[in-house]
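One structure below.
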Amino acid sequence: MPSSSHRLWVNATLFDGLDAAAEPMAVAVKDGRIAWLKPMSALSEADRAGFELIDAEGRLLTPGLVDCHTHLVYGGNRAGEFEARLEGKSYEEIARAGGGILSTVRATRAASEDELYAAARPRLEALMADGVTTVEIKSGYGLDVDNELKMLRVARRLGRELKVRVVTTLLGAHALPPEYKDDADGYIELVCRRMIPAAAAEGLADAVDVFCENIAFSVAQCERVYAAAKAHGLAIKGHTEQLSNLGGSAAAARAGALSVDHVEYLDETGVKALAEAGTVATLLPGAFYILRETKVPPIALLRRHGVPMALATDANPGTSPIFSLRLMLNMACTLFRLTPVEALRGVTAQGARALGLSHECGRIVPGMAADLCLWETDNYAELAYSLGLPRLVQRIVAGEPA
Ligand code: DI6
Ligand code: FE
């Protein structure tokens, strides 16, 4: 009798998270993990024994997709602001009038945990329908201890109730809350002394992130946050070089960051610092597109210095109200000139690396979680080339169709 937890996908066209296999493959899953892979030409009758067989019929099998950067828990939305921008108001004017990030902070503070959960769930389900099996969710619209923890609790609950792995990140240093107007150092003190310890003590955060920018926090302030995060055993990440070049990426890399994200304004010194530290550069073409940014991240330099590139939605109500990771594959190729292989690595192996999960997911190799996607195509490039198709035939989480 085949065990229900032992499944064998046969006749699969494989992209293993880094590369495409040269011939049709069989992928064996036992108890939620990848057990072994073999070319079909080498598969014996004995190999099939004890497995429930699933014939992929030549379709593309990839790792489940990893969206390593989202802000999908928030109250309200900013559709009105989108209209105002189209009528000629600038992002800055809107922010000065109390809109922008702070309007989302007001709506998020006003929402109960259940309301935030109900609002976030369909956003996450949209990503899952697109093939996402691992997602990172940041806080950053609470900007005080209670509301930041409230956001993180909602993120953890999404991970418990839906068939998706959720990684959480405390982004207390996202913007300056109104209570600390003109006292950024005082607010950083609150983040370091109260928010990080509380999030760590309650097991609510896997990592800590910052927004290092002229309109947010300085390199020195971000370094204080990194030190506090490390003291509490949390990984670190940064929103760096999105709108200007402050050297925030190099500082994050020196502090041992898993990833630096956006990086449109990154220069070669920064790229070298990433290469030296093994820090991932996460590209967010959705925010680039929505902001009609023209400065493209330094892709050629990142390639030349061998910096791993991840790719994510940055799903958020302001600069990337986008809930499709597959759209990011196309945008990364069209706007940033990534190759389809680089883009696909960005949402699989490199996305996992950006979350410190290289040992766990993002690749189809023995020992990894059996999080997989089966697509209605036999060509991986079609995932980046086409919008709306090919269809996701099967989404598999820990070996179970989900
Ligand atoms: N960079 C961004 O693009 C978002 N946060 C950040 O640090 C913007 C978030 C928002 O506008 O709500
Ligand atoms: Fe972001």
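Just follow the structure's listing: the first ligand is 1, and inside any ligand the first atom is 1. Only heavy atoms go into these numbers, but all of them, side chains included; no hydrogens, no water, no symmetry mates. In this text the structure is predicted, and so the values were computed from the model without any measurement.
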* Using the salt bridge (charged side-chain N to carboxylate O under 4.0 Å, His left out) rule, take R326 and D67 through it: C-alpha gap first, then chi angles, then the decisive distance, then the call. => CA-CA 10 Å; R326 286 173 64 192; D67 191 349; over 6 Å; no
* the Fe ion (ligand 2) - number of protein N/O/S atoms closer than 2.8 Å -> 4
* Asked: Taking all non-hydrogen atoms of both residues, which atom of F15 and which atom of P63 are closest, and how far apart?
  -> O-CD, 3.2 Å
* With a 4.0 Å cut-off on heavy atoms, does L284 reach ligand 1? -> no
* Asked: Is H262 near ligand 1, meaning one of its heavy atoms is under 4.0 Å from it?
  -> yes
* Run the numbers on K237 and E136 for salt bridge (charged side-chain N to carboxylate O under 4.0 Å, His left out), then give the verdict. => CA-CA 12 Å; K237 305 172 80 67; E136 184 252 23; 5.1 Å; no
* To do: Taking atom CZ of R193 as the centre, report whether more than 12 heavy atoms of other residues, nucleotides or ligands fall under 6.0 Å from it.
  => no
* What protein heavy atom sits nearest atom 5 (N) of ligand 1, and how far away is it? ->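 Answer, as residue, atom name and distance: H174 NE2, 2.8 Å.
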* Structure fact -> In this structure, atom 3 (O) of ligand 1 is nearest to the protein heavy atom T319 OG1, 2.7 Å
Give the numbers and elements of all ligand 1 atoms closer than 4.0 Å to a heavy atom of [X].
X: Q242; result: 1 (N), 2 (C), 3 (O), 6 (C)
X: N316; result: 4 (C), 9 (C), 10 (C), 12 (O)
X: R78; result: 10 (C), 11 (O), 12 (O)
X: Y141; result: 9 (C), 10 (C), 12 (O)

* Measure from the side-chain N and O atoms of N330 to the backbone N and O of A384, and report whether any donor-acceptor pair falls under 3.5 Å. => yes
* Would H305 and E276 count as a side chain to side chain donor-acceptor pair (under 3.5 Å) if you check the C-alpha gap in whole Å, the side-chain angles of each, and the deciding distance to 0.1 Å? -> CA-CA 9 Å; H305 293 282; E276 221 164 273; over 6 Å; no
* To do: Please list, chain by chain and in numerical order, all residues satisfying side-chain contact (heavy atoms from CB on, under 4.5 Å) with C222, sequence neighbours excluded.
  =>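 Partners of C222 under the side-chain contact (heavy atoms from CB on, under 4.5 Å) test: V210, C212, F217, Y226.
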Distance-only donor-acceptor hits, side chain of residues 285-296, under 3.5 Å, sequence neighbours excluded:
| from | atom 1 | to | atom 2 | distance (Å) |
| --- | --- | --- | --- | --- |
| E293 | OE2 | Y265 | OH | 3.2 |
| E293 | OE2 | K295 | N | 3.2 |

* What pairs of residues pass the salt bridge (charged side-chain N to carboxylate O under 4.0 Å, His left out) test when at least one of them lies in residues 247-264, not counting sequence neighbours? -> E223-R254
* **Carboxylate-amine/guanidinium contact R121 E125, below 4.0 Å** =>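 So R121 pairs with E125 through a salt bridge.
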* Which part of D314 is near ligand 1, with near meaning a heavy atom under 4.0 Å away: side chain, backbone, both or neither? ->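 Just the side chain.
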